Structures are given as structure tokens and as C-alpha cells.
Amino acid sequence: MSEQVYAEIVVDVPVRNVDRVFSYIVPADLFPAIKFGMRVIVPFAGRKVTGYVVGFSGITQVSQEKLKPVLAVLDNEPVITEELWTLARWMKAYYLCTLAQALKCMVSPAVRVKAAGSYTGLWIGFADNQLAQVLAKLNRSPKQSAVIKAAAGQPGLSPKALADQVGVSSATVSALVGKGLLQARTTSVRRNPYPIKPTGIPGPVLTPEQAYCAGEIIRAIESSQSQVFALHGITGSGKTEIYLNVIARALVLGRKTLITVPEIALTGQMVNTFKERYGDTVAVLHSALSAGERYDEWQRIRNGDSKIVLGTRSAVFAPLSGPGLLIIDEEHEAAYKQDDQARYHAREVALQRAKLSGAVVILGSATMSLESYCRAQKEGPYRYLSIENRIEQKPLPQIKTIDLRAETHKGNPGIFSLALLQKIEEKIRLKEQTILFINRRGFSPIVICRDCGFVLKCPHCDISLTYHSDLTLRCHYCNYISPVINKCSNCASEQLRFAGTGTQKVEEEIRHIFPSAGVLRMDADTTSRKGAHAEILKNFLDGKADILIGTQMLAKGLNLPNVTLVGVINADTTLHMPDFRAAEKTFQLLTQVAGRAGRGEKPGEVIIQTYNPEHYSIKAALNNSYKDFYAQEMIIRRELGYPPFSRLIRIILSSTQSALVQSGAFLLKECLLEAQRDFNPHGPDILGPAPAPLHKIKEKYRWQIVLKGKQALILRQLAAKGIDIFESRQGNRLLSIIVDVEPQNMM
DNA sequence: AGCACGCCGACT
DNA sequence: GTCGGCGTGCTC
Ligand SMILES: [Zn+2]
Ligand SMILES: [Zn+2]
């Protein structure tokens, strides 16, 4: 008998105090089956839990009486590769999550179904030449005879299909199977979510700009440089065609590609394009697939049948061995940030994966994040590639702003400016369509002056102050408090109102003003039912309404050719949201929304209503100038020390007991200050505690502390140390701590 | 997280 | 007398 082997196991318990590797005895009978990266069942603190095998050892420090054996092996093949295990450890260090949380992100598609898909077909259970004889025996059961005849004529039908075709119940069919006159054969089939055949039609010839970009990226792949490319190209500039060309070359070189898109709605058209070009080597991963489909796609990736993986956020963990090319399309999208558990950003994970495997990365966007763009300047480290021209020389939509302050001065107290109403009326008359866009994402009660557009901001953080029911205005970063004002601090006007309107209110008013117009509304309320989203869009596309009113979900990727007018009801809700990225989000949103107008033959028009028409983010969107926006925004970020000039970590405390959270938040601040003494005097800033913008979620009250510092490593160490001290001082289990490294939103 | 162990109030 | 409340500790 050989020496005892111990398995190193990460248990699937997502809490910090069991976040380490445990040793277990590998019993002799499991020794042949157990492999690195498989899931197992182990005894743990008096119960059975799932664990991940992350190593083996011949020795252990753990005393014999503590050691317990692995009880069972769950997988036939590993679900975690060595590369993903390295990535999980990186995630723990970078995002301050647990190993179990990180590993769970990676195996989620493989979790559910363990059985392969199968298909059962029916064949006659006797030789062909005996058919007449069998039918003769069945002459007193006409239904059974008919089934036999059908099965002989069309062998291999499923029981259900056979019964349906003959028009009998499935009991008749099973009776024949029971008699042995029909024989069932079960074969395994792959569940293919997108059965699309390659067309064989070669892609279009690249424009010189496209060809240059593709050429540069291909050169990096060929010379095996681990280079990151920031690919900047407006909507319609043909980024996808560049991806396709680069991927083609990668395929020839035997390199695998991973490409992510920000949301499921955008996968559809992309999958079509990819499968038409590359067929079955494309695998798709997103949460809208059935469990079986997801499992099968995941298997195809793992065993190497698929060389191109396309998916949403969690697809960055696709188990392809040694990816050679990672593409993050629309890299600026906040949807790439996971909002719970391990709060990772798919772009950052992809960059890390590329570093580990020496892959090339493409970060594609029309409105690149400041973080990425500033790393793509002359000094690097990214290479900047841009496409300036659109493929079809369609004119850009005509964009203009409407100054809502002027409407106030004219005595118009409504939601709509006169100019917008006139335009809508004109479009109704011309039988063209209008989209009215309302931003609700990141909505907070912000007080705005309707005479001058002024919004009170925190003197320390430059963040809009939000209204609280205790009649204070507060900064959600540092908890600066101002009493509610009755007069504008800028112009002394008393015309102060909350910024923004709901979709229902807008719909009401529009119906009132245009009683005979067809109006559809698309928001969280009207799309909660499954399929409602698609239904509303179809109705609008079919011309069943003149006006579509909607939120965020309207902004992306839609191609509505008869829409010639897009109205942004109030740009200020985005511009003044209490987030240091408010201006960036405004620029991105307006640019994206503008792209919805004039998709068809007729040119489009965009009207943006705002109290701040002179704001640089709005002006830059109007002029389609990313560079103007970037230059201005970088000045402000630098001044205030926000990313990309610093890093942030947000720590959220929550509990059903409001007093507990508040006192906990102040204690945590003390612990962080104490931890900070170990770092140099110019260590990170500790802002807050402050009530979180969404102060109460699902009966839980939330307070937050924001850490801001130049060095990412020190910032993380400070957070970890502060929380350790905090947990050593108070162990109330009703208080939970969430750490959000590099938050994308502060809600 | 979740289970065991442990020490105090009202119940057959 | 004990059944069970949930505060604290630990998990190979
Ligand atoms: Zn004012
Ligand atoms: Zn502040």
C-alpha cells in the first residue's frame, strides 16, 4: 500500500472565516476517480458540503483526529482548470471575495444538470418481412395496427410524435413497446441553443481603416505578444467585422477566442453573424439558455469542440484551455460588473486571464470608459486603434438641445418643451415614429433649480446632494449634510423641484396632449411578464403605435427603422445622479440614444431636454466628440482625485436593525482609521460613513464607507485589515458586510 | 453558512 | 425537575 494522499479542498461555504484550503483523506476507493478541479462531497462541521479539489499532498499539518475522508466525487471530468484556479486566487486578492464565491462564478453553468440530453426513438421490434403477420395478429386493435404501420413507414419517431401522427394516446404506443412490437432506442443528443448553419458567404471586404486595425491585432496574435488593444469605433463603424477577421486568423493559428457582450439582448444578432461565418465551432453561454443547453455548450468548450465562445459577463470564465484572444465588446458597460457575491468586472477578469495565458485582448467601444481610454494613450500600456468612418455613409442624426430653463421663463411648467411637442405632432402627421426616453437608472431625489439649472453639490466630493426625509440634503460619499434649501443658492429663485419624471407620468401627459396617438410604454412595470418586452417592441415595429416611452432598456442595440425622432425627456437625471461617473454616463447614454434615430432611410432627429445645455458632456455628445468630453472630464477627475486617477473601494454594512448598522458603520470607520496608521501618512481617504443611496433594500438598512486611494494594493490591504479589526471587535451576525472593489455604481 | 455546545426562563 | 430559547465557537 502506498502512502496516504490528502486532497486540498475549498468548501462551498461563502463566508470569510472558512475561506481557506482544508485537507481531507482520500480513501483508496476514490483514489482513481478524484482529480484536480473536480467537485466532491466532504463532511464539514457536522454536515455534508460540496467542495472543490484544488490540490493534493502526501503530508499534512492537520492532526490525525481532525482529518476526515472525502465522501464522494461528483464529477467525471474536472470543472476547474489550473488556469481558473489561479484566476480564482487572483479574484480573492483583487476583489476581496472568498475562494468559494470565485469558484462558484466559474462552475455555475456546469452545476445544474449532470445528465446529457437524450432522445428516444421507436423502431419496429421485428423483421420487416414479418410486418403482414404482425398486422394480422393485431386485426382486432385498429389503433395499434395503425401505430405499427406508421412506425414501419417512419422509423425513429419519438413516442410522442408517433402517437400524435396516428392520432392515438401515448398509452397505445407504450402498450406496443410493452409487447415488444416496438423497440425504443435512446441516443444522446446535444442541446443546441442556436442551430444556425454557416452560409459559406465570405465577409465583406474591409475598409482601409478596418483592414489596418485588423492587421495590427493579427500581427500581435501571430507574434504571440500579450497586447491589449483599445478599439474605438462609433456605432456602424464595423467593429464586428474587425472581430470576425481577427478571429478567422486566430482560428487558423489554432488560438481560441472568447468574446463577451454586455447583455443577453445583444447576443442574438452577434450569434447569428458568428455562426453564419464559423458554424458549429461557436459556443454560446448566457443565463437565458436552458440548464441543459448551458451544460452542453459548457461541455463543448471544455472538451475543445468549440474554439469560439460568445457570451455575457460570466462567460469570461468559460473553460477553454489557453484562450489566445479575448474580446470585450462595449467594454464601458456597467453590466460587466457583477452586483453580488464576487463583485468582479468581466473586463478586469479578461485582462487578468490574458496576462496568465499570454493572450491578446480587444476592448471595443464607441464611448470608451475613461479608465480604458487613458491607458491607451501614447505612453501605453494599451494600443489605441480607432475607426473614424461609418461603413454606410449615412448621415449622423441631427441632435439638438432644448433649454428647459427657457421654458420655465416662458411660464411652461410642463414636462415637455413646446419644440418637442411640435416635433412629435409633426412625426405623428408624417406617420413616422417617436421614442421618448427617460432615465431611471441610478435615480435619486435631487433638487434642481428650474430657473438656472443649479444643483447643490458636496463641497468635498462634487457629488450631487440627495434629499432625505429628515429634511436634509446629504452627500452619499462623505455624509456632508446641508439643510433643505428653499431658495436656489445660485440665483435665489424659489422654483426648486425634484429632477426627473416617471414613465407613467410621461405616458399620462402624452395621452392627454395627443389623445388620438398610439402610445406604448416600456419599463420595469410593463415588461415584468416574460416575453412582454419583445411583444411591445414587435407592436411598435409593426407600426401599431406612434410613440414609445421607455427607460434604459430602449437605449441599446435596437434597430427601429421608422423612428425618426428620439426625445430625451430630461438629461439632468443622469447628469446629476450622485455618482462621480455622472457626466461620463450622460455622454455615453446620449450618444447611445442618439444612435436609435434614423436607422432607416429617413434621417433622424434627436432632441435633448435639459436645464444644463452648456454642460460639456451634453455638448460633446451633440458634436459627437469623444475627445472633447475626455479632455474636460479628465481635468475634473484629476482635480477631485477620482478614477482613473485613483481607485475606490466601497464597503456596505447592512442589517434589518437600523441602529445596529449605523453604530456598526461608525465603528468600522474607527477600525479603518486604526488600520490606516500602518500605512504611510498619504494613505487612502476614508469617506463617510453615510447612508447608502438605496438606504433600505428588502427590509435591510444600509450604510456605506468609501475608500479612495492611488495605490490599488494599499487600498485593498487597508480594507481587509480594517474589516479584520472590525470583526474581532464585534461579532453580531445580524450585521453583514459587503466589499465592492472598483464599484460601478454607488446605489 | 450551519451545526453543536452551552447556559437561563416557563412548562408537563 | 427539563424543554427549548438563541449567543458563541468552530469547521480539515
Ligand atoms: Zn437657480
Ligand atoms: Zn461629500
Side-chain angles (χ1 to χ4, degrees), chain A residues 2-31 33-75 80 85 88-89 91-92 95-108 111-112 338-343 651-657 659-661 663-664 667-668 671 697-700 702 720 723-740:
Chain A
S2 58
E3 304 265 314
Q4 179 58 56
V5 173
Y6 302 100
E8 287 164 352
I9 308 281
V10 173
V11 290
D12 190 20
V13 178
V15 293
R16 278 161 45 84
N17 49 2
V18 294
D19 187 28
R20 58 205 139 103
V21 174
F22 291 92
S23 298
Y24 283 88
I25 295 163
V26 177
D29 61 322
L30 294 181
F31 185 75
I34 195 167
K35 297 273 159 17
F36 178 96
M38 287 179 175
R39 287 167 298 177
V40 292
I41 301 282
V42 289
F44 189 69
R47 74 210 136 113
K48 291 171 185 174
V49 298
T50 305
Y52 305 88
V53 181
V54 296
F56 294 100
S57 173
I59 47 158
T60 178
Q61 323 289 354
V62 185
S63 63
Q64 288 299 314
E65 60 272 18
K66 280 188 175 177
L67 281 168
K68 292 187 179 126
V70 174
L71 300 177
V73 178
L74 292 175
D75 297 304
I80 297 289
W85 169 232
R89 282 175 297 167
M91 284 174 73
K92 171 179 156 71
Y95 288 109
L96 304 173
C97 64
T98 66
L99 290 167
Q101 288 172 325
L103 290 167
K104 195 149 217 171
C105 296
M106 298 172 175
V107 302
S108 56
V111 168
R112 303 266 177 80
Q338 174 129 66
D339 238 11
D340 54 22
Q341 300 272 23
R343 298 182 162 238
I651 305 172
I652 306 149
L653 284 169
S654 72
S655 168
T656 48
Q657 282 157 260
L660 184 64
V661 196
S663 61
L667 177 62
L668 177 57
C671 297
I697 297 179
K698 283 190 259 177
E699 301 302 308
K700 282 181 136 186
R702 297 142 47 88
I723 291 169
D724 277 348
I725 298 174
F726 178 76
E727 285 184 337
S728 70
R729 298 231 178 118
Q730 81 95 48
N732 197 322
R733 276 136 120 119
L734 296 172
L735 191 57
S736 52
I737 303 178
I738 300 163
V739 184
D740 192 354

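Letters A, B, ... mirror the listed sequences (proteins, then strands); counts begin at 1. The structure presented is a predicted model; accordingly, all values stated were derived computationally and were not measured.
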Rounding to a whole Å, what distance do you find between [X]:[atom1] and [N]:[atom2]?
{"X": "A/R47", "N": "B/dA1", "atom1": "CZ", "atom2": "P", "answer": "10 Å"}
{"X": "A/R733", "N": "B/dA4", "atom1": "CZ", "atom2": "P", "answer": "14 Å"}
{"X": "A/Q730", "N": "C/dG7", "atom1": "CD", "atom2": "P", "answer": "14 Å"}
{"X": "A/Q657", "N": "C/dC6", "atom1": "CD", "atom2": "P", "answer": "13 Å"}
{"X": "A/D19", "N": "C/dC12", "atom1": "CG", "atom2": "P", "answer": "16 Å"}
{"X": "A/L99", "N": "B/dA1", "atom1": "CG", "atom2": "P", "answer": "16 Å"}
{"X": "A/I25", "N": "C/dT11", "atom1": "CD1", "atom2": "P", "answer": "15 Å"}
{"X": "A/N17", "N": "C/dT8", "atom1": "CG", "atom2": "C1'", "answer": "12 Å"}

**Item:** A/Y24 and A/L67, any side-chain heavy atoms less than 4.5 Å apart
**Value:**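 They are not in side-chain contact.
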**Prompt:** Below 4.5 Å, heavy atoms only, C-beta onward: do A/I80 and A/V54 meet side chain to side chain?
**Reply:**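 SC-SC contact between A/I80 and A/V54 ruled out.
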**Request:** Working to the nearest 0.5 Å, report the span between CG of A/L30 and NZ of A/K35.
**Result:**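 It is 11.5 Å, given to the nearest 0.5 Å.
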**Message:** Counting only heavy atoms not in A/F31 (residues, nucleotides, ligands), do more than 12 fall under 6.0 Å from its CZ?
**Reply:** no
**Request:** For A/F44, report the nucleic acid contact type (base, sugar-phosphate, nothing); a contact means any heavy atom under 4.0 Å.
**Result:**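 Here A/F44 touches the bases of the nucleic acid.
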